[in-house]
Amino acid sequence: MKRFFTIAALTVLALLTSVGSAAQEYSWKAKWISKEQCLSEANTWLAFRKDVTLDKVPESLVARIAADSKYWLWINDELVVFEGGLKRGPAPGDGYYDEVEIAPYLKSGRNRISILLWYFGRAGFSHMSSGIAAMIFDARGEGVEILSDKSWGCEIHRGYSTAHCRVTNYRLSENNVRFDANVFPEDWYRSDSKAGFGPAIEIGVKHGMPPFGKLVRRPIPHWKDFGYREYVSTRQSGDTLYCHLPYNCQFSPCLKVEGPAGRVIPMVTDHDIVTGEKCVSGEYVTREGVQEYEHLPWMNGEVLMYIVPSDVKVLEVGFHETGYATGFAGTFSCDDPFLNDYWEKAVRTMYVNMRDNYFDCPDRERAQWFGDIVNDLNTAFYCFDRTADQLVIKGYRELVAWQKPDGIVYHPIPCSNYFKELPMQMVNVVGWYGVRNLWFYSGDDSFVADVYDPLHKYLHEVWQIDSEGLPVYRYGDWDWPDEGVHRDGQAQLNFWYYLALKSEAVFARMLGREADALENEAMMKVIADKVEADFWNGKEYRSPNYDDPHTDDRVQALAVISGLATPDKYPAIKAVFEQEYNATTYMFPYVLDALYTMGEPQMAIDRMKKMYPTVMKEGCTTLYEHWNHTGTCNHAWTSGGVISMFRQLAGVDATEPAYRRFRVAPQMASLKQISLSFETVYGTIAVRLDRKGRKIAAVITVPEGTECDVTLYNGKNATLAAGTHNVTLRY
């Protein structure tokens, strides 16, 4: 299938990225270009071409390319970039640009540069449209200038249109795409194509001004390309060909068929059926004879269904998988098959929710909800290599850039049709488990100075303190401390706010803002005293005005992990956990954290094995959003149980940023064996634990530049230097 392999032949090394950097200034000479007849309607596709003659190919030539919304780049018939560009919105009205090393694709003499542009043109979560379908291409090097202007050819690619079946739901910027193979020359991008092209037009706007705004260098790597692959299995039932993927992934469907012209082949995934939310699907309209097609807009799911007319013969089907450019660096196995199964599904769920930003889900929304991101950033540390951190740092930079003038930060962002604050979630986002853990576990402090003042404004100006020194409850636009019932919101708020103050105090000292740190610590002392006096009733923590007979287990968890619940209260709190199961998949990781903190590892494991089966469905490689298999079937926050499996069950937790110093203090409960590894900026930490009674035979690999603290079986503390160590630990 020649066309499939051409499409899949992406050379990732062609992309240069500014990883984790702030906005980069670049002096653009090129012009934004479009087509005079283009109305910039939703789902517009444009084809651009430029022939360039070179006497000599420079050693390096970096093209800077921006588009609203996505683009595919060919040079001399070779695909250089598959789905370039990021969804718009580093700040309201602004966009991102790619840097692409194109010298390896050029030759002396005539060169053809071809670009296919896909303009979303729809309001949606995580994308802000400029309102104009256009692109800009600026490549300058020694003796060479290739600049987009009116000398480029441009045509509306009328082969692409909106699929007739339906539009996607309002959360998605992407629309369903129909491709008609009869309408536009198939070889338009090739060097020998004779297809006629009219001139492009220049959009007369000054760089940095509306509608395209300032352009920021892409802060994450280009997509990882897994190439073209065959489905695991296929079966025909009536007019539908069911094609099973190896797992839930981001992919482009491919097909090779023979038949008459004008037949429509719809393509839809099983997740469209599961969610019922009008997810992304596609349609292909055949031409006469044998033909091949790759549907460029990515879908996700575990089964792809082609609905094939009776007079069309399917010769071959397959898929082209792409995804965020990170490595699957984490491993976990133990002697409990349930935990192993959960780990595998958690990793797969995390990965299918990464691309332009972290998603809450890849099918219904593709939205950057920051409550989800707090769970995700902590989980991702053990699943992937450190490129995963760059996606979160990008998100936090966007979060503060989208802050409202009154100081409110909200989500999802970027966004042009939803502007709601979820106050309780956002206090967590700016707090200990959110922005602090991003810095602490990644070791990357490049973003701290940029986010500090905006988050300080949110915490100290948007939130008000009452006469007793406690934060005043805010309902915001969506009062959502957690899903479900029996929520003691006022008590939850005090603990979240305490943790946010604690986080900010750390950053304040990093930045030399000692007065801020002291102010926060004074506020923390007041909250601690008031919570002890007014919220602890001798049996549980609850707000004085909370009259629900069910105690909020989330409140008890927050009391423990904030450190405000002293160990003498643990027996009473344990009794609450034995009775109450109110936390949803979002808050469940904090309950697990609390149980381990209290020294109750078996309760934590038992709770996982009681609750998580209701999000783990047979035949599904990813995790459901809510208990009892409801919501989307690939919601990343449900992977949060991984955090305690590494940090507490195996006991491998950082005591200094980036695991420069860490401890191994397992709480294995009934488990006999655990083996894990994960990547830090210093290298890979690997731990194997084999328990017999109170003895744990441990093999610990300590990377160069780090140290590991352990308690040996004889009761002595030891610090392990770089290398692999065989030690016996006490349990």
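Numbering of residues begins at 1 and proceeds along the displayed sequence. No hydrogens, no waters, no symmetry mates; every other heavy atom, side chains included, goes into these values.
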Between [X] and [Y] (side chain of the first, backbone of the second, donor and acceptor by atom type, cut-off under 3.5 Å), is there such a pair?
X: Arg691; Y: Leu671; result: yes
X: Tyr497; Y: Leu459; result: yes
X: Ser503; Y: Leu499; result: no
X: Ser543; Y: Asp488; result: no
X: Lys345; Y: Cys620; result: yes
X: Arg688; Y: Ile674; result: no
X: Asp482; Y: Thr584; result: yes
X: Asn353; Y: Thr349; result: yes
X: Asp270; Y: Glu302; result: yes
X: Gln464; Y: Glu461; result: yes

[Y] six-ring face occupied by [X] cation (under 6.0 Å, within 45°):
X: Arg647; Y: Tyr441; result: yes
X: Arg436; Y: Phe440; result: yes
X: Lys610; Y: Tyr581; result: yes
X: Arg554; Y: Phe588; result: no
X: Lys420; Y: Tyr410; result: no

Taking side chain to side chain contact (heavy atoms under 4.5 Å, CB included) as the criterion, tell me which of Met603, Gln602, Gln667 meets it with Leu595.
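The single option meeting the side chain to side chain contact (heavy atoms under 4.5 Å, CB included) with Leu595 is Met603.
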
Pick from Asn378, Leu676, Val687: which one makes a side chain to side chain contact (heavy atoms under 4.5 Å, CB included) with Phe646?
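The side chain to side chain contact (heavy atoms under 4.5 Å, CB included) with Phe646 is passed solely by Leu676 among Asn378, Leu676, Val687.
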
Basic-acidic side-chain contact under 4.0 Å: [X], [Y]:
X: Lys609; Y: Asp336; value: yes
X: Asp406; Y: Lys404; value: no
X: Asp553; Y: Arg607; value: yes
X: Asp709; Y: Arg661; value: yes
X: Glu600; Y: Lys574; value: yes
X: Asp453; Y: Arg513; value: yes
X: Lys525; Y: Glu521; value: no
X: Lys569; Y: Glu540; value: no
X: Arg509; Y: Glu504; value: no

Measuring centre to centre across the rings, with the benzene-like ring taken for any Trp, is [X] within less than 6.0 Å of [Y]?
X: Tyr452; Y: Phe507; answer: no
X: Trp369; Y: Tyr418; answer: yes
X: Tyr382; Y: Trp343; answer: no
X: Phe678; Y: Tyr659; answer: yes
X: Tyr342; Y: Tyr612; answer: yes
X: Tyr324; Y: Tyr358; answer: no

How about [X] and [Y]: does a side-chain donor come under 3.5 Å of a side-chain acceptor?
X: Asp552; Y: Gln492; result: yes
X: Asp479; Y: Tyr473; result: yes
X: Asn248; Y: Thr621; result: no

Measure up the Trp480 and Trp478 rings against each other and bin them: parallel (under 30°), tilted (30 to 60°), perpendicular (over 60°).
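Trp480 vs Trp478 ring planes: perpendicular.
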
Parallel, tilted or perpendicular, judged at 30° and 60°: which one describes the rings of Tyr396 and Phe370?
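The rings of Tyr396 and Phe370 stand perpendicular, inter-plane angle above 60°.
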
Does the side chain of [X] reach to within under 4.5 Å of the side chain of [Y], using non-hydrogen atoms?
X: Val451; Y: Gln403; answer: no
X: Phe535; Y: Pro544; answer: yes
X: Thr630; Y: Glu625; answer: no
X: Leu720; Y: Val727; answer: yes
X: Asp360; Y: Arg364; answer: yes

Identified ring pair (Phe, Tyr, Trp, His ring centres under 6.0 Å) counterpart of Tyr590 within the set Phe495, Trp496, Tyr596
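Only one option passes, and that is Trp496.
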
Just checking Tyr475: does its OH atom have more than 12 heavy atoms from other residues, nucleotides or ligands closer to it than 6.0 angstrom?
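No, the 6.0 Å shell around OH holds no more than 12 heavy atoms from other groups.
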
